[in-house]
Each structure stands twice: as C-alpha cells, then as structure tokens.
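This report concerns only the one structure given below.
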Amino acid sequence: MKDELSSMNALLQRLAEVDSDLDVQTKEWRRQVQEMSYDIEDCIDDFMHRIGHNGMADSAGLVNKVVQQLKSLRVRHQIASQIQDLKARVEDASKRRMRYKLDESAFQSRTTAAIDPRLLSLYADPEGLVGVGKPRDDIVQLLMQGEGASAQQLKVVSVVGPGGLGKTTLVNEVYRRLESQFQCRAFVSLSQQPDVKKILRNILCQVSQQEHDNMEIWDEEKIINAIRDFLQRKRYLIVIDDIWSNQAWRTVKCALYANDCGSRIMTTTRIVSIAKSCCSPHHDLVYEITPLSADNAKQLLVKRIFGSEDTFPPHLEEISFKILEKCKGVPLAIVTIASVLANKANTKEEWDSIHNSIGSTLEKDPDVEEMRRILSLSYDDLPQHLKTCLLYLSIFPEDYEIDRDQVVRRWIAEGFINTEGGQDLEEIGQRHFNDLINRSMIQPVKIQYDGRVDSCRVHDMILDLLISKSIEENFATFIGGKNQKRLLHGKARRLSLNYYFHEHAMIPSTTIISQCRSLSIFGYSEYMPSLSNCRALRVLDIENGEEMEQNYFEHIRMLLQLKYLRLNLRSITSLPEQLGELQNLRTLDLGGTKIKKLPKSIVQLQNLTCLRVNNLELPEEIGNLHALQELCVIKINQNSSASSLLGLGNLTRLRTLWLRWCLVNTHPESKAFVDNLLSSLRKLGRANLRYLYIQSYYGYSIDFLLDSWFPTPHLLQTFGMGMEYHFPRIPFWIASLDNLTCLDINVDPVEQKALDVLGNLPSLLYLWLTSKATALKERLIISSSMFICLKEFHFTCWSSGVGLMFEAGAMIKLEKLGIYFDAGAGLYFGFQHLSSLKHLVAEIICSSVTVQEVQALEEAIRSVVDLLPNHPTLEVRIW
C-alpha cells in the first residue's frame, strides 16, 4: 500500500505541473486517483494506530492476552478487507486509464495557444485610463532624476505587484511619455515559459527598426552580440514586461549594453525578489504598484459602464460601493465586473444580484473567466508544494486575517511540509509563507520591524480562484457563506464551516465526514458535527463559538490522528482528562479559552511542540514535555509548585517562553521559587531559548534577574516585559547579548549610562524603552556611534522636561520613532538628523500648558518632518 501511495503521489505531482493543460477527462481520472491516495493513506494510518504500535506487555495475564489477540484478529480482518477493496479500485483505475488512452493526452500541452492577456493593456485607450497619472509621474521621476555623470549611467527601474493591478498598462504609459527622448526603443513581454531566442529577435528588430536576413537560424549568442553592438553608443529605452524567473532576466540582460548614454530599462514582475534582482543593488528603484483609491475605483467603474459620472444613477450609489469593496481597488477586477454590469439593467435589484453572485455563479461569465485565467498565471507558476499551501488558505473566510504561525502549524499537521537533513519544520513552513508573500499571492497585514510578516489576507479574487480549484479537486468542502450552493457530494477531506454567515447551515446527508482530515469552524451553530464522526482529523480549529457547550469535547479522545488543536472559545473552562491520549498532538492552542488548569495527562503528550494558553497554572511534571518549543502564557503565583519551575529547565528544545510573575517577596517559598526559576533559565539559556517575555505587576519584583543570569543566554533574540514593573538599572547580562534584535524594557530612572549600554548592542533592530523619570535634568544624548542597526525606537518618559538629543549621524537606519514631547519644554532635540525616518508618532504631554503652546509645538514638529528626505508620515497624539 505504501509503494502504491508513493507511485500515486508521484503521478499526481506530475499531473499538477501541467494542470492548466489537462482536459476534462484527465482531470476526472486525476480526481479519482487523488481520492484513492487519500483512502490508502487513511488505511495505513489506521493500521499503524490499531496494530502497528499495539504491542502487549509481557506481564499481561493469559486472559488479557487472549482477549487482545482476538481483538487484533478482528482488526486485522477489517483492514485486510479495506486493502482488498483498495487494490480492486487501483486495478479498475489502471484499466480505465488504458481504456480511455489517457497516456496519450495527459502530458501533452494544448496545441491552440491562448491570446496573450497583455495585448489589451498594450493597446488601451489612454482616455479610458483612471488613476495612472501619479504612478506614471513617479516612475518617470525615478527614471530621469539625477545630474551629471550619474544621469548618464544605465538605470533599471522595476515595477512589482500582483496580477491585475495594471503593471503593463502603467509602464506602457511611461513608455509613451518618454519614447521621444531616446534614440531607439523596444517593448517586449516575456511569459512563464519564454522563448528567449524569439524575444531577443524581437528586441533587435525593434531597436534597429529593420528585419535581418536568416535571423531565424541565428543562435542566442549571435543575436545577443548583434543587440549589444547596436546599443553600444545609443541612448535606448527598453521595457521587459512580465518577468517570471531570474534566469530569463539574466539572459535578456546580457544583450542590454551598459553604456554611459543615459539609457533606461523598465521591468515588470509579480515577484518581489525578481524586482530587486533586476535593479540590484539599487533597491530604491523598485516601484511597488498599489490598488486604486476609492475615488479612482468608482471613477473607473462608472466610466466603463456609463462613460461619465454625470450619467451615473444615484440609486446605484450604495450597491456600487459594496461591489467595489469586493474588488479592493484592483483594476482588472473592476473592469471585469463593469463588463458584466454593462449588460444588465441599471436597477438596484439587478446589481445586488451580481454583488451576491461574485465568486459563485458569476464565475461562468466569460469576462470573469478571462480574469480568472490571468490570475491563474501566478497560481500555475508556483511549485507544487506552494500550490498546496496556498490552496489550503481557501479554508479561511473572506477578509480573514490569517496568522502566519497558526497556518504554518496547520500545514505541518496536514503533512504539507517536507524536511530533509533534520531541518526545522516550522522554519521551512515560514519560508513557504514568505515565498507566497514574495510572489504577491497573499497580502501582508502585520509587518514587524525586521520586515517579517506576521499575518496576511487573501484578496477576494484570489480567494474565489482558490475556492474554485479546491472544489474541483475535492481539496476542501465549504458549508455556510456564499459557497453553500457549490457543495460536492461524497467524502469531505477538509471541512470549512462558516456559521458567521449562515448560522443554520447543515451538513448534507450525502456528505461523508468520517475521513475528514481538517475541521475548521467559524462561529457557532447547533448543527455542528459530532467529533465522534471525525476520527481521521489531523486539524481541529474552532473560533468564537460563544455558546459552545462543555460536553462537545467529550469524544476528543477518539481523535487519535490529531496533530493541531486550536480553540478560541470563551465559554470553555476545561478539557477532558483523556486529552493525554492524543499522542500525535503537536500544537495545543487554548489562548482564547478560560481554561486555567490543564488535565494532568497533558504531560503524556511527547510530541507536543507548542502549548499556548492564557494565565495557565504551570503543570506538574512539565519537564516531561521534551519536544516543547513554545510555552506561553504561564502564571507563577502562590498556587504554583516550586518543583514544576525546576522542571522547566528540562525543556532543552524550548525557544519561546512567556511568564507572568505574581509572587511577593514575603511568600514563604519565594526563595525556592526564585532559585528554581533562575536554575531553569540558565539551562534554557545555554540550550535553545530565543524569545523570553516576563511580565510582572506592581508589588511583584523581578529584581532577581538583574545579576543572577550566568552564563548569559547567548542565543536570545527577544526580551520583553510588561508595563508596570521597572528595573532600577539595566541587567548586566543584557550588554553581552550579541544576537538580541528586539528589546522591550522598563528602567527607572533612565541614565545616560543605560543608553550607552543599549546603544552598543550590535544586532538591535527594535527598542521600546519606558521610564518614569531620568537621573539627569538635561537631555539624554544619542550619538552617531550608538544604535547603528536600530530600525524602530519608542521612548516613553512622563517626567516634565525630559527628552532626547539626537546628534548628527545618529540612528542612520531608524525608520519609525515614537517619542513623548513636553509641550512646555520646546523642540530642541535634533530629530531633523534622522535621515532614514519614515514614520513619527509624536505623543504631546499637555499638563500645565496653554492650547496655543500645544498648537505651536505640533506645528513645529510638522515643519521639521516636512524637511526630512523621506517625508515621514506623522501621527500626533495629545495627552
């Protein structure tokens, strides 16, 4: 069975690589093979659980042994029957493959070439374009700015953005605007599988404006040399549109002679890394195209349907706003929907019907199919492992903010992440997530100081494409929401229930959920499926079921394949004691529940890598969870056990630890608690600890951390603490943390010596420094030799007259600054020297000052911001 499964998976992967070229017949046969592969995998898992790991203890009595043997015989007979059925299905599929001669067509591309979707963009009427003016002028400035010798050097500007945002249209407008300023020019479009020789011939013909004899038989080298010879002393403008790979760009670039005649090149791509590669090392010449504003989106919709806003019917105002919300400023989506609406009656009811049909019945419209074909180019270009990861995102509702760590752990639980050479699964999964961001397939939402994306969304149009493919391949089944009407019958492999949209949605009796691998429930309904019917689950994720009953989880012990369990349920206060029987569980995320104490059996989960809770009492024998890599948030108080704190030190794979210290110094066992915690922290610091958060409230001192951590945790990257407690000085061990990138620390008072220590941390990118006062009356000085890598800095100090002084050359990489201003103390602190600043949060303290003084300070801040080279965005908050 395992050999058969491996062969099937290899075949499915090969078919996936030519997915867009498969005919209907082959797709149906592929779907049947996919279903068989699922069933074979389920059979193997069932065997391994019920027989493979079910050895009998030697000490068992004779009667028990006989009973176990009888049970084993029955199980073996059941599985043998399953295997015989599966073998028969495999043989039938093989015969069907031969009978319909699928081998002859499955891996052959279609002979009829589709029309290049970029043609319409190249020949678009300029009068019909909307929102192009500013980005066109911005790119013209990027191309043409510069004086003297620098202006004569070859310059490459890359335009990057997802499919459908109008990259081709935009660069074509720039090309039209500038072409008269160059001696020769060319505009060529690549493709996912470019014919490089044909593209090079096209460039040569355009720049030379003549045909060359027998050019069809020239090899690449001869064409490249001909182009270089022609361009060597000419001022040229060349556009390379729609680049999909670095290899294609490098080949074409060989032909583009880097002369000193003021030549310019523009490239477009959907992939950020390729955009940077094209204009390397000048990454400031990457222009990221953005969606249309709300006003421009409406103008485009109205112009396409009515020709002018003057003739737009007022009664369609509200529904047009809802339709445009779905399009989210993507010109391709707006033009597509406009084409559909143009053929409908201009009534609110008709437009409302189209709005409700977006993403479901509307997909049959020819204009929508054309848009989907354009968006599919990006999907088809993905390697197979990224296609699977992206397809999985169809499970989440529209506009849902998808947490990176959560979805990566779900990918791992589903078996989508493969590792070789002992690499960490989560690190590989995060690379997959970043690849999807890089390829513009998902939209970043929360971006950290170091550029790391913590969460994302899927654009509605991409989501519709993914849902369509998921249903076609029976990858996922959707109940509730707008996809209710598109249910498939048969086995549901992954089930997404959206009760936010339709609380009374029911699973049809024709849908089989017994072999469901993933169950995602959003909202609550009395029709939720029983867990006893879903024994093959790998993933269980339930969110915001406020009315969820405690006994819903009484059958959780049956989910023996479960690897990922996340509950965001405020009504849940406990879980069954049998939780410890889930031996495959890797992630247990209970942060959204009211659970304060876990079953004692939790320490039996030997594969658990992530335990997320909220103010949980530290379990006894926590040290038994040897696989644990993340533990948060644990509360240490008078009910805790000193021995459990000592057990923390056994978690040598732990990377993330979040503690809340709620123990007073007068507690009779406080010394034992402190000694045990310090002992464990020292062990963890010598092992793998990367992220440490310790929160403490008023009256609970953690001064024991000041001088007692030795040797220092050399791998620590993040240290954070809560807002209430303040260290009297910087802990000595922080000065030696060469890998520390993020520090959130409270020190009272702040002295110049403290800033000097922090300023010398070599890797620090983010600093939030909070104090009640400073030890000096004058300002604290930040010199050019301090904080050489810092990108984000927040300084909070409520003392009157306290501030910072930035010297010339200080914080040369700082992009975001949050700082408090005393309205009565003036503006002399030198932040005009922060040349890289992009965002300023100004907190103005208004105590004992007049309105005029506050207004004067705010105006002065704005004046200085306007003089900075990056024209930072300014956010002013008045206290």
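Numbering of residues begins at 1 and proceeds along the displayed sequence.
- Ring geometry, Trp351 versus Phe306: the interplanar angle falls under 30°, so the pair is classed parallel (tilted spans 30 to 60°).
- In this structure a side-chain-to-backbone donor-acceptor pair under 3.5 Å is missing from His355 to Ser320.
- Annotation: cation-pi pair Arg410/Tyr392 absent, no NZ/CZ under 6.0 Å from the ring centroid and within 45° of its normal.
- Shown here is Gln209, whose CD atom has no more than 12 heavy atoms of other residues, nucleotides or ligands within 6.0 Å.
- The existence of a salt bridge linking Asp460 and Lys328 is confirmed by a sub-4.0 Å separation between a basic side-chain nitrogen and an acidic carboxylate oxygen.
- Note: Asn296 CG to Lys303 NZ = 9.5 Å, rounded to the nearest 0.5 Å.
- Inspection of the Asp241 and Thr268 side chains reveals an N or O donor paired with an N or O acceptor under 3.5 Å.
- Under the 4.0 Å criterion applied to side-chain N and carboxylate O atoms, Asp435 and Arg439 are not assigned as salt-bridge partners.
- Here the closest non-hydrogen pair linking Leu165 and Ile289 is O-CD1, 3.5 Å.
- The main-chain N or O of Gln430 is found under 3.5 Å from a side-chain atom of Asn434 such that the two form a donor-acceptor pair.
- Between the CD atom in Glu401 and the CZ atom in Phe396 there is a gap of 11.5 Å [rounded to 0.5 Å].
- Under a 3.5 Å cut-off, the side chain of Lys253 and the backbone N or O of Ala248 do not form any donor-acceptor pair.
- The heavy-atom pair separating Cys278 from Val156 by the smallest distance is O-CG1, 3.6 Å.
- Side-chain polar atoms of Asp381 and Ser378 form no donor-acceptor pair below 3.5 angstrom.
- At a threshold of 4.0 Å, the pair Arg452-Asp454 counts as salt-bridged, since one of the basic side-chain nitrogens sits closer than that to a carboxylate oxygen.
- When atom types are taken as modelled, the side chain of Asn870 and the backbone of Pro872 share no donor-acceptor pair closer than 3.5 angstrom.
- Between Lys326 atom NZ and Leu463 atom CG the span is 9.5 Å, to the nearest 0.5 Å.
- A donor-acceptor contact closer than 3.5 angstrom links the side chains of Asn202 and Gln206.
- By the 6.0 Å contact criterion, CD on Glu288 is open, its count of non-hydrogen atoms from other residues, nucleotides or ligands being 12 or less.
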Taking it one step at a time, do Ile203 and Ile240 satisfy side-chain contact (heavy atoms from CB on, under 4.5 Å)?
CA-CA 10 Å; Ile203 292 175; Ile240 311 296; 4.2 Å; yes
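- Residues Arg176 and Glu173 are paired through a salt bridge, judged by an N-O separation under 4.0 Å between the basic side chain and the carboxylate.
- Counted within 6.0 Å of NZ on Lys276, heavy atoms from surrounding residues, nucleotides or ligands total 12 or fewer; the atom is thus considered open.
- Using a 4.5 Å heavy-atom cutoff, the side chains of Leu285 and Lys155 are in contact.
- Defined by atom type and a distance below 3.5 Å, a donor-acceptor pair is present between the side-chain atoms of Ser470 and Ser394.
- Between Met441 atom CE and Phe433 atom CZ the span is 13.5 Å, to the nearest 0.5 Å.
- With Arg517 contributing its side chain and Arg493 its backbone, the two residues share no donor-acceptor pair below 3.5 Å.
- The main-chain N or O of Pro162 is found under 3.5 Å from a side-chain atom of Lys167 such that the two form a donor-acceptor pair.
- By the 4.0 Å N-to-carboxylate-O rule, Lys348 lies too far from Glu318 to be salt-bridged with it.
- In this structure, the side chain of Ser158 engages the main chain of Ala275 through a donor-acceptor pair within 3.5 Å.
- Taking the side chain as every heavy atom from C-beta outward, Lys469 and Tyr379 approach each other to under 4.5 Å.
- A donor-acceptor contact shorter than 3.5 Å is absent between the side chain of Arg304 and the backbone of Val335.
- In this structure, Val207 and Ala186 approach most closely via the heavy-atom pair CG1-CB, 3.9 Å.
- When atom types are taken as modelled, the side chain of Ser277 and the backbone of Ser273 share no donor-acceptor pair closer than 3.5 angstrom.
- Taking the charged nitrogens against the carboxylate oxygens, Glu414 and Arg409 have no contact shorter than 4.0 Å, which rules out a salt bridge.
- Counting non-hydrogen atoms of other residues, nucleotides and ligands closer than 6.0 Å to CZ of Arg177 gives a total of 12 or fewer.
- Tyr236 contributes a side-chain N or O that, together with a main-chain N or O of Tyr257, makes up a donor-acceptor pair within less than 3.5 Å.
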Please lay out, stage by stage, how Ser263 and Leu231 fare under the test side-chain contact (heavy atoms from CB on, under 4.5 Å).
CA-CA 9 Å; Ser263 298; Leu231 296 179; over 6 Å; no
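- With a 4.5 Å cut-off on side-chain heavy atoms, Leu497 and Phe522 do not count as touching.
- Taking CD1 of Ile223 as the reference point, atom NZ of Lys197 lies at 6.5 Å (rounded to 0.5 Å).
- In this structure, Leu301 and Ala338 approach most closely via the heavy-atom pair CD1-CB, 3.9 Å.
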